[in-house]
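The next block holds one structure in the form of structure tokens; read it before the comments.
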Amino acid sequence: MRNSSAAASAMSSRGKRERRAPCSGSGSSSRGSSRSHRDADAERGRGRREAERERARREAAEPGFDLPPDPARLKREPGPGGSGPARGKREREPDGDSDPEPEPTVRYGRFDPEDQRSRHCPYLDTINKSVLDFDFEKLCSISLSHINVYACLVCGKYFQGRGLRSHAYIHSVQLSHHVFLNLHTLKFYCLPDNYEILDSSLEDITISNLDKQAKLSRAYDGTTYLPGIVGLNNIKANDYANAVLQALSNVPPLRNYFLEEENYRSIQRPPGDIMFLLVQRFGELMRKLWNPRNFKAHVSPHEMLQAVVLCSKKSFQITKQGDGVDFLSWFLNALHSALGGTKRKKKTIVTDVFQGSMRIFTKKLPHPDLPAEEKAALLHKAEYQELMVESTFMYLTLDLPTAPLYKDEKEQLIIPQVPLFSILAKFNGATEKEYKTYKENFLKRFQLTRLPPYLIFCIKRFTKNNFFVEKNPTIVNFPITNVDLREYLSEEVQSAHPNTTYDLVANIVHDGKPTEGSYRIHVLHHGTGKWYELQDLQVTDILPQMITLSEAYIQIWKRREEDETNQQGA
């Protein structure tokens, strides 16, 4: 009986354990389910971290551009007000550089038609206009990229992008500089909040149109200047280019064309064409020179000269002195070509302003060593008869007489003088000049058939040979106004030119030796009627009588119209 009761007790306890077993099994299943949820959460966490790393990698590779938001992530991450896409939209707002229309700002999960902060930015008082300088090349100071560049209006430095982890964004967070200007769209932004600033007080920071009044302007550094009469930096040896650019900037029709970017923005150029960069940079330079609200009373032509070096394939450089006439000729033809003009067909603003026409009469001469009888026989052949061709010109080259080599009684070289009309006689249609090549000799004479609105004279001061370059120091005596060129036109075309009187507007001077000299320029300010001398950064007024005493090299003359009178006082 004791054994049977013990067995029954064992069986009873085993049955209890078996009955408890299902409960134990249920607990095990619950623990497994909890583990699977944690694994799923960990997997989602890993997915988010991988997505974050991928996004960070892409932004690091392209710091100047914001990336569009990930739709899957926007659905997973709730916004502050319960709306999933709201938070993603705020974090990944696309860059405004390429948007045709501004995106509506999202605030706390709701769309506002306009971010109220745009018109009430609290950081405008941190702008330091004294450090702003937009003359330098628009490159990020860190990545050296020219794409999507912003200027910090607090310290004046350039940074790329405004998206998360971009250089401008990091600069804003690290130094608490919040106001930035997009140097391409000229829109203002507040970082790191990333909203556009709309405030009329910022209009004076962007470049404005030409102020046509002859009033002195005050730069932000306190100096006063006259718009258009502004010095240019000489980076090293670019004074030859500075003088030519200053002269062209004082030709009103050319200047007015390039002041308005709409005049050439729609010109179609073939893919990969770099020459149009000259047009863009020249327009920017004109707007800087004639801006009545400059940050300082001088301008740096760095970007313009960089374009010249690139487009001329280093024929003209910043660090090496160049020839003013060579640069003028190349620059005018390059501008004409970049604006869509060709040699014979389409006209541009360059040809409308400077292009004239002439007749060139050419006669081939027999070799001088031949006997007289053979020369006389050759002169009757057809190839030795005079030929006439019509040609166009951008400027006229005036030849100087040979300078004397003897000295006066004081053992000093005599500097000869020659009247302007004497060297203009080359174009009266009767004066012949001999031109020699290594094989043949020619006689040529020239006659003007059309006078342009603006006439350029290039006085030939330099002659080159196999050994050195020689400069002719002859002084050209010329009047400042009332130069009548009617006698240099053929009789049949004189009636088509009712106005043939010209007034000087720019005079480029070369001083010193041929290879070590320097350039300066005299320009007429049309608003005041006064003359100014500019040599790089130095700007001084000058009497008209002093201009004629200089070694003039390049001159620009303006044709006087019927309703114009002499206002230069000379």
Side-chain angles (χ1 to χ4, degrees), residues 210 244-245 247-271 273-287 290 304 307-308 311-312 325-360 388-397 427 446-458 485-486 488-490 492-503 505-506 526 554-564:
L210 169 65
V244 172
L245 295 173
L248 296 179
S249 74
N250 281 272
V251 177
L254 189 73
R255 173 203 65 196
N256 295 341
Y257 178 86
F258 283 96
L259 280 174
E260 298 293 338
E261 191 176 1
E262 291 76 13
N263 291 332
Y264 53 83
R265 180 181 295 169
S266 59
I267 294 178
Q268 300 295 324
R269 300 299 300 167
D273 179 32
I274 63 172
M275 299 303 292
F276 196 71
L277 188 63
L278 282 178
V279 176
Q280 296 172 321
R281 295 292 180 258
F282 188 63
E284 293 173 0
L285 182 63
M286 293 300 100
R287 290 188 285 275
W290 289 91
M304 176 76 252
V308 167
C311 296
S312 69
V325 173
D326 293 342
F327 175 69
L328 173 67
S329 176
W330 173 84
F331 189 69
L332 290 180
N333 284 284
L335 277 184
H336 172 65
S337 176
L339 291 171
T342 59
K343 189 173 182 180
R344 295 184 178 180
K345 295 182 180 179
K346 189 175 180 180
K347 292 185 177 181
T348 63
I349 183 63
V350 179
T351 57
D352 291 342
V353 173
F354 295 115
Q355 190 179 78
S357 62
M358 67 170 70
R359 292 172 182 167
I360 303 177
M388 188 273 290
V389 294
E390 294 279 351
S391 178
T392 59
F393 63 88
M394 287 286 190
Y395 60 88
L396 297 177
T397 301
F427 301 98
F446 307 89
Q447 188 170 42
L448 303 179
T449 56
R450 191 178 77 84
L451 295 174
Y454 285 81
L455 185 60
I456 301 177
F457 290 157
C458 294
L485 301 180
R486 179 171 295 275
Y488 302 101
L489 295 171
S490 59
E492 64 271 19
V493 300
Q494 286 184 2
S495 59
H497 288 75
N499 302 316
T500 57
T501 302
Y502 283 79
D503 299 325
V505 296
H526 298 276
I554 302 173
Q555 295 181 333
I556 300 181
W557 298 76
K558 178 184 181 298
R559 187 175 61 197
R560 188 183 299 177
E561 303 302 330
E562 293 180 357
D563 56 345
E564 293 180 346

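Just so you know, these numbers come straight off a predicted model, no measurement behind them.
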Minimum heavy-atom distance between [X] and [Y], given as atom pair plus value:
X      : Y      : value
Tyr502 : Pro453 : CE2-O, 3.9 Å
Lys346 : His336 : O-CE1, 3.4 Å
Thr500 : Arg486 : OG1-CB, 3.5 Å
Leu259 : Met286 : CD2-O, 3.5 Å
Cys458 : Leu328 : SG-CD2, 4.3 Å
Pro252 : Tyr454 : CD-OH, 3.3 Å

Less than 4.5 Å apart, any side-chain heavy atom of [X] and any of [Y]?
X      : Y      : value
Phe393 : Ile456 : no
Ser490 : Arg359 : yes
Leu489 : Leu451 : yes
Met358 : Leu396 : yes
Pro452 : Leu455 : yes
Leu335 : Ile349 : no
Val325 : Thr397 : no
Ile267 : Val279 : no

Next item on the list: Test Asp503 against every option in Arg559, Lys558, Arg560 by the side-chain hydrogen bond (donor to acceptor under 3.5 Å, both in side chains) rule and name the one that passes.
Entry: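 When Arg559, Lys558, Arg560 are each tested with Asp503, the side-chain hydrogen bond (donor to acceptor under 3.5 Å, both in side chains) holds only for Arg560.
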Margin query: Measuring centre to centre across the rings, with the benzene-like ring taken for any Trp, is Tyr488 within less than 6.0 Å of Phe446?
Written below: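 Ring-ring flag for Tyr488/Phe446: false, centres at least 6.0 Å apart.
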Check: Among all residues two or more places apart in sequence or in another chain, which pass the salt bridge (charged side-chain N to carboxylate O under 4.0 Å, His left out) test with Arg269?
Finding: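 Checked Arg269 against salt bridge (charged side-chain N to carboxylate O under 4.0 Å, His left out); matches are Asp273.
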Rounded to the nearest 0.5 Å, what's the gap from [atom1] on [X] to [atom2] on [Y]? Could you check?
X      : Y      : atom1 : atom2 : result
Arg255 : Phe282 : CZ    : CZ    : 11.0 Å
Phe331 : Asp326 : CZ    : CG    : 15.0 Å
Gln280 : Met275 : CD    : CE    : 12.5 Å
Phe258 : Leu285 : CZ    : CG    : 11.0 Å
Ser249 : Trp290 : OG    : CH2   : 6.5 Å

Checklist line | Donor-acceptor pair, side chain of Arg450 and main chain of Gln355, under 3.5 angstrom | finding: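 Flag set: sc Arg450 to bb Gln355 pair under 3.5 Å.
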Note to self: Any side-chain to backbone donor/acceptor pair from Thr351 onto Thr348? Under 3.5 Å, distance only.
What the structure shows: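 Yes, because the side chain of Thr351 sits within donor-acceptor range (under 3.5 Å) of the backbone of Thr348.
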Next item on the list: Using the six-membered ring wherever Trp is involved, compare the ring planes of Trp557 and Phe457 and label them parallel, tilted or perpendicular (cut-offs 30° and 60°).
Entry: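 Correct class here is tilted.
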Next item on the list: For the residue pair Tyr257 and Tyr264, categorise the inter-ring angle as parallel (less than 30°), tilted (30 to 60°) or perpendicular (more than 60°).
Entry: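 Geometry flag for Tyr264 against Tyr257: tilted rings.
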Next item on the list: Could you walk me through whether Asn263 and Asn256 pass side-chain contact (heavy atoms from CB on, under 4.5 Å), step by step?
Entry: CA-CA 10 Å; Asn263 291 332; Asn256 295 341; over 6 Å; no
Item checked: Carboxylate-amine/guanidinium proximity below 4.0 Å for Arg281 and Glu284 ->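 Judged by the 4.0 Å cut-off on N to carboxylate O distance, Arg281 and Glu284 do form a salt bridge.
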Notebook entry, point to check: Heavy-atom count around Glu390 CD within 6.0 Å, excluding the residue itself: above 12?
Noted result: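 Enclosed: over 12 neighbouring heavy atoms sit under 6.0 Å from CD of Glu390.
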